[in-house]
Enquirer: 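What follows is a single structure, and I will ask about it in a moment.
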Protein chains: 4
Amino acid sequence: MSEKKLHGVFTPNMVPLDDRGRVNEPELRRIVDWLIDCGISGLYPNGSTGEFTRFSFDERKAIVRIVTEQAAGRAFVLAGAAEANVKTTLEAAGYYHSLGCDAVAIVAPFYYKLSQEGVYAYFSEIARESPIDLTLYNIPQFSNDIANDTIKRLAMEHPRVVGIKDSSRDLPRFMNMMNEIAPVRPDFVFLIGCEEIVLPAVLMGADGGTLAISGVVPEVVMKLYHLARANRIAEARAIQYKLLDLIKLIIFGADFPEAVRQAVGLRGFNMGAGRQPLSPSQQFNLDDVRRTVQCILSEFGFTEQPVGGCDPFPAGVDRQSVEQIVQDVIRGLRGPAGR
Amino acid sequence: MSEKKLHGVFTPNMVPLDDRGRVNEPELRRIVDWLIDCGISGLYPNGSTGEFTRFSFDERKAIVRIVTEQAAGRAFVLAGAAEANVKTTLEAAGYYHSLGCDAVAIVAPFYYKLSQEGVYAYFSEIARESPIDLTLYNIPQFSNDIANDTIKRLAMEHPRVVGIKDSSRDLPRFMNMMNEIAPVRPDFVFLIGCEEIVLPAVLMGADGGTLAISGVVPEVVMKLYHLARANRIAEARAIQYKLLDLIKLIIFGADFPEAVRQAVGLRGFNMGAGRQPLSPSQQFNLDDVRRTVQCILSEFGFTEQPVGGCDPFPAGVDRQSVEQIVQDVIRGLRGPAGR
Amino acid sequence: MSEKKLHGVFTPNMVPLDDRGRVNEPELRRIVDWLIDCGISGLYPNGSTGEFTRFSFDERKAIVRIVTEQAAGRAFVLAGAAEANVKTTLEAAGYYHSLGCDAVAIVAPFYYKLSQEGVYAYFSEIARESPIDLTLYNIPQFSNDIANDTIKRLAMEHPRVVGIKDSSRDLPRFMNMMNEIAPVRPDFVFLIGCEEIVLPAVLMGADGGTLAISGVVPEVVMKLYHLARANRIAEARAIQYKLLDLIKLIIFGADFPEAVRQAVGLRGFNMGAGRQPLSPSQQFNLDDVRRTVQCILSEFGFTEQPVGGCDPFPAGVDRQSVEQIVQDVIRGLRGPAGR
Amino acid sequence: MSEKKLHGVFTPNMVPLDDRGRVNEPELRRIVDWLIDCGISGLYPNGSTGEFTRFSFDERKAIVRIVTEQAAGRAFVLAGAAEANVKTTLEAAGYYHSLGCDAVAIVAPFYYKLSQEGVYAYFSEIARESPIDLTLYNIPQFSNDIANDTIKRLAMEHPRVVGIKDSSRDLPRFMNMMNEIAPVRPDFVFLIGCEEIVLPAVLMGADGGTLAISGVVPEVVMKLYHLARANRIAEARAIQYKLLDLIKLIIFGADFPEAVRQAVGLRGFNMGAGRQPLSPSQQFNLDDVRRTVQCILSEFGFTEQPVGGCDPFPAGVDRQSVEQIVQDVIRGLRGPAGR
């Protein structure tokens, strides 16, 4: 399989803040180095995980500059470039082009509800003027939906539109998208933005993904990705299922992306306090996350087990015997006539 | 009824743009004067109608400055102050306070989905630090919902939170809100943000509304409001129903708020082209809007009928005879055994 | 105002069950008599409140027969007639016609999602064949939506379609519906199916409502209705707001309509256990409901206050002094610089 | 892999009707024979595809009887048994048990919105009394959702609950479900109810599926299933993607399941007219479906190509050359500076 321009696993970078709430540049550079050392394919500053809406335009430009400088060609850089309006978005795209980013990602307009004609008009105007390739970014949970028909229309009309990052969690939609667009635009890049289904997405033909969890356990996610590309399904499946436990804790366990920030911190980075205030009752218990991260790392060979081990069952009772007990109880409940 | 601090009809100001896409200050001042001459109670720059998300922070500050200067104390000014994060929002609030605005309106965070604890934490932090009174702005179509329980909690804890502007189009919710909050916070201001139900909302106790349509036919909306406050229901109802036709055309007839902009233009202002691109098929036919506006103005005594008149039925056939025909047909269809 | 064929407040009858889970005919007759004695305008068996989906066709026919016989012309009977398919629905309509019902109510098809063309086709086929007038029943929370355009189309084509019962809780929609259909079909009946907004709906022109709460406090709901029709707004508003407390408890306080059943029981009827099983944690505390019902009845002159009184504040502290305290605290918190 | 009790592809049987709208028994028997000849694993009468809500209880019983008799042990029979209430549902389950069905499928209650406690209570009461194994049926588009936590709770408490058929189209949810339930209930059967993602679901561990499209092209669906179980991904993927075109036409191309009925008819069965009326504008063009069905059958070796062939491109232009042209155009548009 010849690779397309963009492919592999992209980490949507979280932004560490210092104790005055400003972008912590040295720590951000440390994170970039670590991710690249872990083998990550690309970096994706100013994504949803990166809380782009909570920064100013100047801060967003600085974040991309720092990430791109530090990556220094060692990984793709896909820069989130959506700004308040088309003119400012093009200004951002031009700047990221000058920095040497590989492409920009543009999320559909949010806040106002737009018709598909409005979504199309927005991306068309940007695509006509952009000096750099762009990927559409679909995340209907947060912004206007980009329907498959609109994506296809943009893909066919605008060579600058080189791909899509889809975070809808909707695999039927993603598969229909690939089925309808790949034949007419063979170079189009399909990235899945949902870590829960990265394995099935890659098996069905995705070129990779932008995965928040790859900022927490990059080694494990890259291992999953390479196994998936090699069609080593049983091994890949074991990792995918193991990751679901962690995903549940850090993607859905608090107001996104707060728990991701704290989980990145567990890997040895000083992330600082986020910009969205937390009420006292939102204080997040990191112990479960810490243990789950370490257990995943140890299970797939990257570190030791945590103190206390990783078995969900008490000492002396292994999973198999528990399942046997469950089975016996079920059989007993059914009684002699049970089937 | 002794009036609360804020009351009456607030116009969410649309922003005229010049031919280079910049804020057209002289035209904005002309609009402010016209609205005040028409008797509007207050002005509301940087609302959803005002497309606040499509401007930069500097532009938003300029818009409030122009509107407040031009109003010069002749009408309330309620300034939209939501920015990318709490710190910047407080900077905006401080500036609008220094300009002499009466209060600021803060929409709930958008893009990310927050729990009610997160919404509460956000407004609490702002309310603790704000130098100026603030109204919550609930528009769940576009941003995170502010549940009634959260509003009540904020109203009871923060004296700076002086009211709510609710644009949910949900009258049961609005009535429950008044029922639960008014007893514990008698000075709390309830503004309805839905022109379709301004009459029933005022009859049920609302203090007024923020109504996009008041930027198009301010004379008519103020007449409706004063009739409603005077319990002259039959007259007020006639206006309310007439406005539904116009609302359908300009609130729901195109991607909001594009048709509002063009309808304001019909009243003699040069609004310029909006910042959200339009596809060729989105070109909007203004003829229906023009005729409907003029018919409404003429029906309630503010101008002449348009050429061709306002009757939906052809010359020589009045509404009553049409209804008679309809009735006869229905009776005929039922036949002699019909009930 | 000359009345239309159907008007006033209709009670959607709940069905009392005996200790073997069968329809309790004597108790149902007692309830019918009581409601009519309380002045209710009409009865509405086989509505959503009446749990029509949980009975068999034979039971539904029996319920309508019992209610119609017992009403004996003293109140309207609007019979829910929706069955599994058009043929059976017409069989039901024919039977209810033979019993002397005034009209049947047909809910839109549920379970499958239909296009508006499908909804239109369904009602058209029924309307063409029905021997009895029918009202459309719109409750998009539970069944396919009937869009305003579809209602208008049916109203203009089918004389048998004489009205709509709308339970969408959406007043803007209800007002647009009246605005668009009344001119072309002046005899069309508009009933609101949401007790939270019955007052504003009647003030805006509704002909009445089908209100579950009228099965619990029929005296109070009828008083509200008559005050509304007489434009005695202040008195009507006091009742409407008081009812919101009860509505919150019995419409939204448990899986609908379980709490309504239990609240009807509080008025002296043996309702039996419902057919939808309840888990142990769903056991409903009736004490709040009992007290709220009695307080509403006493406040509007229908009975004595309950033991302990109805004031939400402790003895010696009236509401006015509480509000004064709240105000003082707020003023204190604002400090000398507060506005 | 040792198989669980239920596994493979189940066809949700559509019911052919005669010209008087009654169940066409001989034709239904013919369909059962054909499906079994095509190698289908199981039959599933009274599912959503089978329009169970549009039949009477007596008809539903007859349908299961006919299907079970005709299958005569040659395929699994999973019988839809949901009725108006628990008592009648248990009556149905008892009858289907006496007929020799392998299990019954029970959809969550529909129409009323239930809390998860209510959903749990409903299934618990049935599971306690049922004489036959049952599978939960989750289709939140049409009925109350059964949350993963509720499924797990039922799986752990009730041996009679032996599996789930999930039609939510939500693969992340399905994978989390398997991840959480399989360890505590190893015999639990997971069937996917969405033909768009049957391949990824099976690759991730599903035991099979209930797939409406298997009633139209059973040969092709069984081939896909066997390839998937054999991990022959590339071949299976080709079929899965080809099926998407057909799924788009017959699952989403008209009010479900009308187009499925007509597509089954194309395979040589007299399906009759459905019970849900169609408006004139809903008349469905079968030509596209006929051609797509025949092309799929021919592509995978089951029949000849239709007249005119199956290539979407005109004669003399193959797909590869079209893609080359597209690429050239894109490169040209980018110009010499394009990347």
Side-chain angles (χ1 to χ4, degrees), chain C residues 17 20-22 48-49 51-60 82-89 91 107 109-129 139 141-144 150 153 252 254-258 274-283, chain D residues 17 20-22 48-49 51-60 82-89 91 107 109-129 139 141-144 150 153 252 254-258 274-283:
Chain C
L17 301 176
R20 291 171 57 188
R22 298 168 307 189
S48 297
T49 311
E51 298 178 289
F52 72 102
T53 64
R54 293 169 179 163
F55 291 91
S56 70
F57 184 24
D58 284 342
E59 287 174 321
R60 282 188 287 271
E83 295 294 336
N85 51 59
V86 168
K87 192 179 154 203
T88 316
T89 297
E91 183 185 333
V107 72
F110 44 94
Y111 196 75
Y112 297 99
K113 293 292 162 279
L114 296 183
S115 62
Q116 285 301 306
E117 279 299 310
V119 171
Y120 164 79
Y122 174 81
F123 283 117
S124 282
E125 186 158 327
I126 294 170
R128 266 192 302 270
E129 304 293 334
I139 183 163
Q141 302 92 318
F142 296 165
S143 62
N144 280 285
T150 303
R153 189 175 171 195
F252 301 105
D255 284 358
F256 179 83
E258 182 54 28
R275 289 187 170 185
Q276 160 65 26
L278 301 177
S279 84
S281 74
Q282 286 182 295
Q283 302 313 322
Chain D
L17 301 175
R20 290 172 57 188
R22 298 168 307 188
S48 297
T49 312
E51 299 180 288
F52 72 103
T53 64
R54 293 169 179 163
F55 291 91
S56 70
F57 184 24
D58 284 342
E59 288 173 320
R60 280 188 289 271
E83 295 293 336
N85 51 58
V86 168
K87 192 180 154 204
T88 315
T89 297
E91 184 185 333
V107 72
F110 44 93
Y111 196 75
Y112 298 99
K113 292 290 161 281
L114 296 184
S115 62
Q116 284 302 305
E117 279 300 309
V119 171
Y120 165 78
Y122 174 80
F123 283 116
S124 282
E125 187 157 326
I126 293 170
R128 266 192 302 271
E129 305 293 334
I139 183 163
Q141 301 92 319
F142 295 166
S143 63
N144 281 285
T150 303
R153 189 176 171 194
F252 302 104
D255 284 0
F256 179 83
E258 181 54 27
R275 290 187 169 185
Q276 161 64 27
L278 301 178
S279 84
S281 74
Q282 285 181 296
Q283 300 316 321

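Quick note on labels: first sequence line is chain A, next is B, and so on, each numbered from 1.
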Enquirer: Is it the backbone or the side chain of C:S48 that comes under 4.5 Å from a heavy atom of chain D, or both, or neither?
Expert: both

Enquirer: Taking every heavy-atom pair that is under 4.5 Å apart, which of C:Y122, C:Y111, C:F55 has the most such pairs with chain D?
Expert: C:Y111

Enquirer: Heavy-atom distance under 4.5 Å to chain C: side chain of D:I139, backbone, both or neither?
Expert: side chain

Enquirer: Between D:Y120 and chain C, which part of the residue has a heavy atom less than 4.5 Å away: side chain, backbone, both or neither?
Expert: side chain

Enquirer: Give a yes or no on whether the backbone of D:S115 and the side-chain of C:D255 come within a donor-acceptor separation of less than 3.5 Å.
Expert: yes

Enquirer: Can you give me the closest heavy-atom contact between C:S279 and D:A121, atom names plus distance?
Expert: N-CB, 3.4 Å

Enquirer: What is the ring orientation for D:Y112 with C:F256, classed by angle as parallel under 30°, tilted 30 to 60°, or perpendicular over 60°?
Expert: tilted

Enquirer: Please state whether the side chain, the backbone, both or neither of D:F52 comes within less than 4.5 Å of a heavy atom of chain C.
Expert: both

Enquirer: Top residue by heavy-atom pair count (under 4.5 Å) with chain C, among D:E51, D:R54, D:K87, D:Q276?
Expert: D:R54

Enquirer: Tell me, for C:L278 versus chain D, whether the close heavy atoms (under 4.5 Å) come from the side chain, the backbone, both or neither.
Expert: backbone

Enquirer: Of the listed residues (C:E125, C:E258, C:Q282), which shares the most heavy-atom pairs with chain D below a 4.5 Å separation?
Expert: C:Q282

Enquirer: Contact part of D:F57 toward chain C, heavy-atom cut-off under 4.5 Å: side chain, backbone, both or neither?
Expert: neither

Enquirer: Between D:E117 and chain C, with a heavy-atom cut-off of 4.5 Å, which part of the residue counts as in contact: side chain, backbone, both or neither?
Expert: both

Enquirer: Contact between D:P277 and C:V86 at the side-chain level, heavy atoms closer than 4.5 Å - yes or no?
Expert: yes

